[in-house]
Protein chains: 2
Amino acid sequence: MAPQPTARDRLLDAAEDLAATQGVSAPVDAILQRARVSPATLYAHFGNKEGLITEALRRRLARWDTTWQECVDEAPSPEEKLLAVFTALGRHRHALTPSRWCVFLGVAAETPHPGPDLGDTLAADTRLLLDRLEDLAAPLVGAQQAPLLARRLVLIYTGVLGMILRGTDVDTATAEGRHLAGMTLHAVVGPAAPGATLRLMR
Amino acid sequence: MAPQPTARDRLLDAAEDLAATQGVSAPVDAILQRARVSPATLYAHFGNKEGLITEALRRRLARWDTTWQECVDEAPSPEEKLLAVFTALGRHRHALTPSRWCVFLGVAAETPHPGPDLGDTLAADTRLLLDRLEDLAAPLVGAQQAPLLARRLVLIYTGVLGMILRGTDVDTATAEGRHLAGMTLHAVVGPAAPGATLRLMR
DNA sequence: GTCTATACAAAGATAGAC
DNA sequence: GTCTATCTTTGTATAGAC
């Protein structure tokens, strides 16, 4: 165990924290100060600012991936596994520095012309959402309907993130998103009678 | 009719266009070039960059307000009036310079510490959405349920905007948002039998 | 009201020593 | 690998003339 993280790790931590709280337009100098590292060290490790941001986002995406998967694994039923993305959102935000809203969407919004590496990393976030939700949806609604449901759930999930940017309390937005997601799932499975249990396909 | 708009108007146009396409971090110089105006003129009229952006957003919000209201007025039924926000989104984007996603959310994302005037203008966008949707929802679901439904519709609408940032085609995202919104409305009104017509309250 | 010219500050990035 | 010191570019804003 190293009580003193390397300069590289301190840079990644600082870049992620600042991107989360201030946005990526936060000056390099602020990152350097927080990481207690000199400019030359940053450029030696990452080439330039975008390289550092990209690396920090890759690491954050991997952590989000893990957190989300854990929540899926813990969920008892297929339906709750599908809705676990909302549980994961809370846990993810609790574990890391709470961001102003979504760091990936935030960087996307602040970066009109991302380089290839950064662009790929941002796209990977959306890809992960669509792919995993489709996988989790398939047992519930069948492979045919799964992509459609996944797209709608990503829309709702993205709406939750947007509401946070609009100033809505995180828990409130998450609860409403989860509710909408549940409704959407039931609508795709087939209109159930009021109060009826979810009718699973197959 | 003035074929030559004033310098002030050219500045507002240029600021709005650039905020829509490049984000507000686009340098003042780019605005000046596009408006064919000198720096001094900008600062004489608006004090500083944020003042110009704020004024441009106020104007854009007023136009959005008008466009949306027109779509509401044209809609034949209470239900379609409620969903007219999605029609308005398309018409708004068609009329103005197509933005990368939502200009208001974009500015909010890029501006961690907005001044009071800019902050108020950004909040006014969310306020308008919540208030008008609540007004339109009341005849359908009653005054009691209207705020809840309005919040959910803003979430969905915001999700549509977020999907555009994620790279989804605007029309696709809008259609899915509208579908979700219709579903949500019916769910709040009360679970209807499959294929049943919307049961209105009162 | 608008322009030319310029001041002033901040930001990204590099050189060269240790 | 890391630091100190510095260079260059860019960006916001102002002074003073017309």
Side-chain angles (χ1 to χ4, degrees), chain A residues 2-57 59 106-107 109-119, chain B residues 2-57 59 106-107 109-119:
Chain A
Q4 193 74 314
T6 70
R8 183 189 159 90
D9 286 335
R10 291 204 306 278
L11 279 167
L12 289 171
D13 290 342
E16 185 179 349
D17 282 8
L18 277 168
T21 56
Q22 310 283 332
V24 278
S25 45
V28 169
D29 207 57
I31 301 175
L32 297 172
Q33 260 189 289
R34 176 174 295 217
R36 286 166 300 114
V37 157
S38 74
T41 305
L42 188 163
Y43 292 95
H45 278 286
F46 301 102
N48 57 28
K49 181 182 176 178
E50 187 165 322
L52 169 59
I53 298 290
T54 303
E55 215 50 56
L57 287 186
R59 198 184 59 166
V107 172
E110 288 186 82
T111 315
H113 305 298
D117 288 0
L118 179 55
Chain B
Q4 194 74 315
T6 70
R8 183 189 158 89
D9 285 336
R10 291 204 307 278
L11 279 167
L12 288 171
D13 290 342
E16 185 179 348
D17 282 8
L18 277 168
T21 55
Q22 311 284 333
V24 280
S25 46
V28 169
D29 207 58
I31 301 174
L32 297 172
Q33 260 189 290
R34 176 174 295 218
R36 287 165 300 113
V37 157
S38 73
T41 304
L42 188 162
Y43 292 95
H45 279 285
F46 301 102
N48 56 28
K49 182 182 177 179
E50 187 164 322
L52 169 59
I53 299 289
T54 302
E55 214 50 58
L57 288 186
R59 198 184 60 166
V107 172
E110 287 185 82
T111 315
H113 304 298
D117 288 359
L118 179 54

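Naming: A, B, ... by sequence-line order, numbering from 1 per chain.
Atom CG of L32(B) and atom C1' of dT12(D) are 10 Å apart (whole Å). Across the protein-nucleic acid pair, F46(B) atom CZ and dT14(D) atom P stand 15 Å apart, rounded to whole Å. dT2(D) atom P lies 12 Å from atom CZ of R36(A), rounded to whole Å. Between the CZ atom of R8(B) and the P atom of dT2(C) there is a distance of 11 Å, rounded to whole Å. For the pair Q33(B) CD and dC3(C) C1', the interatomic distance rounds to 16 Å; values are reported in whole Å. The nearest whole Å value for the distance from the CG atom in L42(B) to the P atom in dC3(C) is 11 Å. In this entry the distance linking CG of L11(A) with C1' of dC3(D) reads 13 Å, nearest Å. One can place CG of D9(B) at 10 Å from P of dT2(C), the figure rounded to the nearest angstrom.
The only member of T41(B), L12(B), T54(B) that meets side chain to side chain contact (heavy atoms under 4.5 Å, CB included) when paired with F46(B) is L12(B). Residue D13(A) forms a side chain to side chain donor-acceptor pair (under 3.5 Å) with just one option from R59(A), R8(A), R34(A), and that option is R59(A).
Of the inter-residue distances, the one linking E50(A) atom CD with D117(A) atom CG reads 8.0 Å to the nearest 0.5 angstrom.
For the residue pair S25(A) and E110(B), the shortest heavy atom distance occurs at OG-O, 4.4 Å.
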Readout for nucleotides 11-18 of chain C: B = base within 4.0 Å of protein heavy atom, S = sugar-phosphate only, - = neither; 5' to 3' it is SSBBB---
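Contact annotation: the side chain of T21(A) never approaches that of P112(B) to less than 4.5 Å [non-hydrogen atoms, C-beta and beyond]. Side-chain atoms of L18(B) and V24(B), non-hydrogen and from C-beta on, never get closer than 4.5 Å to each other.
Contact annotation: T6(A) does not reach the phosphate of dG1(D) (side-chain N/O to OP1 or OP2, under 4.0 Å). Listed pair S38(A) / dC3(D) meets the phosphate criterion, a side-chain N or O lying under 4.0 Å from OP1 or OP2.
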